[in-house]
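Hydrogens, waters and symmetry mates are skipped; everything else that's a heavy atom, side chains included, is used. Computed from a predicted structure; not experimentally measured.
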Amino acid sequence: MKKVWMIISIIVVIIIISIGGKLFMDNRKEQKKIEIEKQSVEVLKKTLLI
């Protein structure tokens with residue numbers, strides 16, 4: 001019985017780590033998109049001011 005609980009807890013930990021990693025990578029992609037948008041806005045401002 002103790003072995004079954006150990007296997008179940010390992011599976012749960014793996015699932016939690018996987019979900020956390022997915023959320024982290026999605027957040028990182030979103031931050032990169034925002035940074036690219038900011039850079040493009042800055043370039044547009046500079047070109048319009050010239």
- prompt: What residues join I34 in its hydrophobic cluster, counting side-chain heavy atom gaps under 4.5 Å, either direct or through other members?
  reply: none
What donor-acceptor contacts under 3.5 angstrom involve side-chain atoms of residues 3-15, with partners at least two apart or in another chain?
unit_1	atom_1	unit_2	atom_2	d
S9	OG	W5	O	3.1
S9	OG	M6	O	2.8

message: According to salt bridge (charged side-chain N to carboxylate O under 4.0 Å, His left out), does anything in residues 15-32 pair up with another residue at least two apart or in another chain? List the pairs.
response: K22-D26
query: Tell me, which pairs form a side chain to side chain donor-acceptor pair (under 3.5 Å) where one or both residues lie in residues 11-20, sequence neighbours left out?
result: none
